[in-house]
Amino acid sequence: MSDSPAIEAHLSESRLFPPSAAFAAAANCNDAGIYDRAKADPIAFWSEWASTLQWDKPWDSVLEWNPPHAKWFVGGQLNLTTNCLDRHVAAGKGDVEAIRFEGEPGDTEVITYAQLLTRVQEFAGVLRGLGVDKGDRVTIYLPMIPEAAVAMLACARIGAVHSVVFGGFSADSLKERIHDSQSKVVVTSDGGWRRGSQVALKAAVDAALEDSACAGIEAVIVLRRTGQDITMFDGRDHWWHDLAESAEPVTEAVSLDSEAPLFILYTSGSTGKPKGILHTSGGYLTQATATMKLTFDVREGDVYWCTADVGWVTGHSYVVYGPLSCGATVLMYEGAPDFPARDRFWKIIADHKVTIFYTAPTAIRAFMKWGTEHLEQHDLSSLRLLGSVGEPINPEAWMWYHEHVGHGNCPIVDTWWQTETGAHMITPLPGIVATKPGSATRPFPGIDIDVVDENGESVPNGSGGFLVIKSPWPSMLRTLWGDDDRYKNVYWSKFGDKNLYFAGDGARKDEDGYIWLLGRVDDIMLVAGHNISTMEVESALVEHPAVAESAVIGKTHDVKGQAIAAFVSVKEGVIADDALAKELKAFVGAKLGPICRPDDILFTAELPKTRSGKIMRRLLRDIAEGRALGDTSTLADQSVVSGLKSKYEANEG
Ligand code: 6R9
């Protein structure tokens, strides 16, 4: 889009939700001066946060910045598990609940900080017993169960680097990630529970390890979860419980350099092989801790529930490291939101008296589609703060979340960040910032973000462009595992020598300077010379009472360059016919202007999404343009796309 005009703004928003006086008064931070202070001296701001952690050796300098490579808290030494576990136990908080687990079949478990520490010490001993040492890579392929956190922390305790692979990924994806990370050990389970059936994890590991690309794997540790039949290979495979019996617990955590690698997490590029995002220790924990305290306002007595799987970065920073560093009580749920019924999440909130709830727009839109009767049966009054992450949240979904889940009195923190950024980057602070439905509001204190044009120049308020990060931040990725050139090319080359981190997202600043995320720049449409964001057209569509969810794409058009095509799923009970399609086109045209009126509307029960719930517009473009489908390996459900393809072709013909 280098020669194209700036991204236009069509959707306007005047609703403003300041924090209630009661919320602000009790909040961890209600001093708006934090923004100016952090801006004036980010180094002081971040070192104050780093000082809240326990260091074995203090750092010599806060930041070394050799663009695009940063080192934070240089010379310092610490261990993340000392910070997440030992220090709380030493402070007399060993009996505080660290993890409250609910399995999909309904089994529950409560693990205190003291118990979690014991388990981590033991499993760290198991890893050591198999020859895993500082710097070695361990692939973790587990369901969303406490042992996933135990395995991650056990790696961190001995300085091994974990690479968690989401349990929903196939044997092939697992193989690729094991190979790229050159892992020595795989930690898995026989299986996990999903919608009442057993997902076979061990079988996928066996299939992956058949390939010579995985020849570096010396051992597989298998946790018994479902009890399903599996094959154990002599010499290679070990039961977790057998090894644990004879393990020598690692009571002393290893002191690690602040810049010691902590984890690799693969994120799929839209093309090419997945990128191994590398995060290190001191800076990562500093920002995970600061954001946990300030964005989520977490404190003693909270029951905090982040619905993300540990296979995603949200699960790393906001299920494991952030909350445990703050000594919070984390709820973990293994299964699906609609199993055994569509009220499962609300039942969990009521049963466990959850106070902070963090989920994704894709889930919120599903709840909207299912209707409010599922929530109304449950007491959600324990909730005091709601969060959103993963995609832009449509204003309509924001309002629904606010009214039906938050009952009008929970601030919503819409948190923009990426696997690459490690922690929140744009989000309101709930005791300070007045929110607007659909806007992630402003950068976190100490974070230097802007929206720029194609030359890297800041755009004025009221305009759109590319989202960039202008200064290094503590939890930034350090490189791509084994491919520093790709790191430089993907993130740092777009604006030449300006040293701007290119996030890949479009954004605009409104008249008040609030930031609105507009989706991936690859998805932004160019219609008759106008740059139109897919997100705005989708948000207009979901404002119509018949629409549950939509995905909008630009399809090649002889005259206009691109024409807008919308894939729409309707709410339960709505009849999706030609009359509705016509009405929706007119509705969007009236709301956003005729230029944004979709040419085509195709109704569909489901939209193609990645396994973490992001809409895959690229595949919809392939369908609309009659091309062979590109890489579909990250799709959650392959049948959705093939179904859509035939439906689209039938419609066209
Ligand atoms: C944390 C996570 C990163 C991409 C990011 C953007 C989208 C995430 C968002 C959001 C608008 C938000 N994204 N949060 N867009 N508003 N609050 O999701 O990491 O899986 O790496 O995805 O997700 O497009 O660039 P990751």
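Whatever order the structure lists ligands and atoms in, that order sets their numbers, starting from 1.
For ligand 1, the polar-atom distance check finds no N/O of S388 at less than 3.5 Å from any of the ligand's N/O atoms. The shortest N/O to N/O separation between Q418 and ligand 1 falls below 3.5 Å.
Contacts between T419 and ligand 1, counted as non-hydrogen atom pairs separated by less than 4.0 Å, involve both the backbone and the side chain. Only the side chain of T314 comes within contact range of ligand 1, with a heavy atom under 4.0 Å; no backbone atom does. Residue R520 touches ligand 1 through its side chain alone, judged by heavy-atom distances below 4.0 Å.
For atom 13 (N) of ligand 1, the closest heavy atom belonging to the protein is G390 O, 3.3 Å. Residue, atom and distance of the protein heavy atom nearest to atom 12 (C) of ligand 1 are E391 O, 3.5 Å. Counting protein heavy atoms only, atom 4 (C) of ligand 1 is closest to K614 NZ, 4.0 Å. With hydrogens left out, the protein atom closest to atom 11 (C) of ligand 1 is P392 N, 3.1 Å, a heavy atom. Ranking protein heavy atoms by distance to atom 3 (C) of ligand 1, first place goes to W417 O, 3.6 Å.
The aromatic rings of Y318 and F296 stand perpendicular to each other, their planes meeting at an angle above 60°, with 30° marking the opposite boundary.
In terms of heavy atoms, P474 sits closest to Q287 at CD-OE1, 3.2 Å.
No heavy atom of G504 sits closer than 4.0 Å to any atom of ligand 1. The closest approach between M535 and ligand 1 stays at or above 4.0 Å for every heavy atom of the residue. Using 4.0 Å as the threshold, W416 has a heavy atom nearer than that to some atom of ligand 1.
A side-chain donor-acceptor contact under 3.5 Å links T355 and D302. Inspection of the E8 and H530 side chains reveals an N or O donor paired with an N or O acceptor under 3.5 Å. Using a 3.5 Å distance cut-off with no hydrogens or angles, the side chains of T314 and Y358 do not pair a donor with an acceptor.
Separation of the Y284 and F263 ring centroids falls under the 6.0 Å cut-off. Remark: aromatic rings of F357 and Y304 are distant, center separation not under 6.0 Å. Close placement of the Y501 and W473 rings is indicated, their centers lying within 6.0 Å of each other.
Atoms of ligand 1 lying under 4.0 Å from any heavy atom of L517, numbered from 1 in the order shown and given with element: 11 (C).
With contacts defined as side-chain heavy-atom distances shorter than 4.5 Å, the pair T441/T427 does not qualify.
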